[in-house]
There are 2 protein chains.
Amino acid sequence: MFSKSCEYAIRAVVFVATQNNAGNKLGIMEICKEIDAPQHFTAKILQSLSHNGIISSQKGPSGGFYLNKTQTRLKLIDVVRALDGDKTFTGCGLGLKNCSEKKQCPIHNQFKVVRDELLNMLSNTYVVQLAEEIEKGSAVLSNISGR
Amino acid sequence: MFSKSCEYAIRAVVFVATQNNAGNKLGIMEICKEIDAPQHFTAKILQSLSHNGIISSQKGPSGGFYLNKTQTRLKLIDVVRALDGDKTFTGCGLGLKNCSEKKQCPIHNQFKVVRDELLNMLSNTYVVQLAEEIEKGSAVLSNISGR
DNA sequence: TATTCACATGATTTTGAAAACATAGAATGC
DNA sequence: GCATTCTATGTTTTCAAAATCATGTGAATA
Ligand code: FES
Ligand code: FES
């Protein structure tokens with residue numbers, strides 16, 4: 001559904017959001033350990049997000065990744081768009097080059113419903129609201145038990 | 001969303017269904033030309049489908065791929081399951097190893113809705129009904145114009 | 001029964017996402 | 001200023017999906 005980059009990104013951003021109230025910034029190692037993701041790969045992803053203004057970063061000792069005031073209003077769609085673009089919501093289910101009403105594949109009408117539902121879901125889900133799930137303990141960000 | 005194999009498979013199966021009433025079997029070259037898919041790769045996919053009883057095949061002169069009586073009742077879900085398994089409907093949206101209510105990721109509840117909608121859609125869509133769209137000319141199976 | 005046609009099967013190559021590596025550069029605190 | 005700690009950037013490696021290549025096997029028909 002989403003690219004690996006996107007999966008790691010969402011997990012990372014949600015984790016950062018859980019720690020954001022306290023005002024502390026999170027280092028890349030800290031994040032990767034928590035969400036059980038490859039360190040170097042995740043670093044690139046977060047740098048890309050930082051570049052796109054999705055998250056903020058701070059260099060130097062006691063630096064790390066965090067969300068500024070504006071960024072705490074982040075929705076899932078913002079993260080997905082920044083990494084996977086919108087091919088997830090505009091691409092053809094059968095892999096045709098252009099998905100349009102004009103020249104459509106046979107599953108277009110049915111597929112569009114599902115695709116739009118996904119778009120709708122991502123557009124209405126806030127990262128901070130997901131972070132709350134983690135804080136409450138009703139959801140996890142990693143397979144590894146005890147984390 | 002679906003693997004490339006799966007995309008080609010659906011397009012191929014739908015095309016086979018359009019020609020099935022006439023009772024003629026379709027050769028692999030004929031199919032690939034129509035749906036604009038790589039020949040050898042598609043051949044393997046169709047052989048796999050044939051192996052799984054999704055479609056039928058006939059060797060020798062005037063042989064090819066076709067649907068038998070039972071197979072004309074085929075749903076999309078049958079094709080998807082045969083090639084991609086059901087990881088598409090059971091896998092975690094954030095890439096966690098096991099998706100379950102017990103140990104769920106923060107988007108589980110929202111994602112489940114979309115996933116179930118997709119499963120539902122595929123379970124209620126018949127291949128022959130898609131074939132009709134092609135026959136009516138209201139949908140296409142390839143990017144290439146004039147086909 | 002030989003020839004031809006079309007699917008079947010296994011090995012191999014290509015491709016691009018995913019991941020790792022190496023190094024540069026910037027900010028903090030002493 | 002200098003060491004430390006982190007981000008930033010570019011290159012390389014890995015790996016599995018995607019695609020190709022080469023060869024085998026069964027069926028029709030003359
Ligand atoms: S053309 Fe295939 S989904 Fe729109
Ligand atoms: S655990 Fe992530 S979707 Fe169910």
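Sequence lines set the chain letters: A, B, ... in the order given, protein chains first and strands last, and positions in each chain run from 1.
- The distance from atom CZ of Phe2(A) to atom P of dA18(C) is 13 Å, rounded to the nearest whole Å.
- The minimum heavy-atom distance linking Val79(A) with Ala9(A) is given by the pair CG1-CB, 3.9 Å.
- Shown here are the salt bridge (Lys or Arg N to Asp or Glu O under 4.0 Å) partners of Lys4(A), two or more places apart in sequence or in another chain: Glu7(A).
- Nearest approach of Asn21(B) to Glu135(B), heavy atoms of both residues: ND2-OE1, 4.2 Å.
- Cluster membership check: Leu119(A) shares its hydrophobic cluster with Leu122(A), using side-chain heavy-atom separations under 4.5 Å among Ile, Leu, Val, Met, Phe, Trp and Tyr.
- First and last contacting nucleotides of DNA chain D toward chain A (any atom under 4.0 angstrom from a heavy atom, 5' to 3' order): dT4(D) to dT11(D).
- A pairwise comparison of heavy atoms in Ile134(A) and Ala139(A) identifies CD1-O, 3.5 Å as the closest pair.
- Evaluated for a side chain to side chain contact (heavy atoms under 4.5 Å, CB included) with Leu96(A), the options Ile35(B), Asn143(B), Leu141(B) yield exactly one hit, Asn143(B).
- Atom CD in Gln39(A) sits roughly 15 Å away from atom C1' in dA18(C) (whole-Å rounding).
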Any N/O pairs under 3.5 Å between the protein and nucleotides 22-24 of chain C? List them or say none.
none

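- Taking only side-chain nitrogens and oxygens, Ser57(B) never comes nearer than 4.0 Å to OP1 or OP2 of dA6(C).
- Side-chain heavy atoms closer than 4.5 Å link hydrophobic residues (I, L, V, M, F, W, Y) into clusters, and following such links, possibly through other members, connects Leu83(A) to Ile10(A).
- By the rule that hydrophobic residues join a cluster once side-chain heavy atoms approach within less than 4.5 Å of another member, Val80(A) and Phe41(A) end up as members of one cluster.
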Just do the side chain to side chain contact (heavy atoms under 4.5 Å, CB included) check on Val16(A) and Ile55(A) with the steps written out, would you? CA-CA 9 Å; Val16(A) 169; Ile55(A) 61 177; 5.7 Å; no
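- Here Glu34(A) contributes atom CD and Arg11(A) contributes atom CZ; the two are 10.5 Å apart, rounded to the nearest 0.5 Å.
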Show, in sequence, the C-alpha distance, side-chain angles and deciding distance for Glu30(B) and Lys33(B), and conclude whether the side chain to side chain contact (heavy atoms under 4.5 Å, CB included) test is met. CA-CA 5 Å; Glu30(B) 203 174 351; Lys33(B) 199 168 184 182; over 6 Å; no
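- Follow the hydrophobic side-chain contacts under 4.5 Å out from Phe89(B) and you never reach Val113(B); the two are in separate clusters.
- Taking a 4.0 Å limit (strictly below) on heavy-atom distances, residues 43-53 of chain B reaches DNA chain C at Lys44(B), Gln47(B), Ser50(B).
- Gly91(A) approaches Cys99(A) most closely through the heavy-atom pair C-CB, 4.2 Å.
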Write down the protein N/O and nucleotide N/O pairs, taken from nucleotides 27-30 of chain C, whose separation is under 3.5 Å; answer none if there are no such pairs.
| unit_1 | atom_1 | unit_2 | atom_2 | d |
| --- | --- | --- | --- | --- |
| dA27(C) | O3' | Gln58(A) | NE2 | 3.3 |
| dT28(C) | OP1 | Gln58(A) | NE2 | 2.7 |

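- More than 12 non-hydrogen atoms from other residues, nucleotides or ligands lie less than 6.0 angstrom from CG of Asn52(A).
- Hydrophobic clustering (ILVMFWY, side-chain heavy atoms < 4.5 Å, transitive): Phe111(B) and Met121(B) are in one cluster.
- When the P atom of dC5(C) is taken as reference, atom NZ of Lys25(B) falls 18 Å away, rounded to whole Å.
- In this structure, Gly64(A) and Lys4(B) both approach DNA chain D, and ranking their closest nucleotides by distance from the 5' end singles out Gly64(A).
- A heavy atom lying under 4.0 Å from DNA chain C marks none of the residues of residues 79-92 of chain B.
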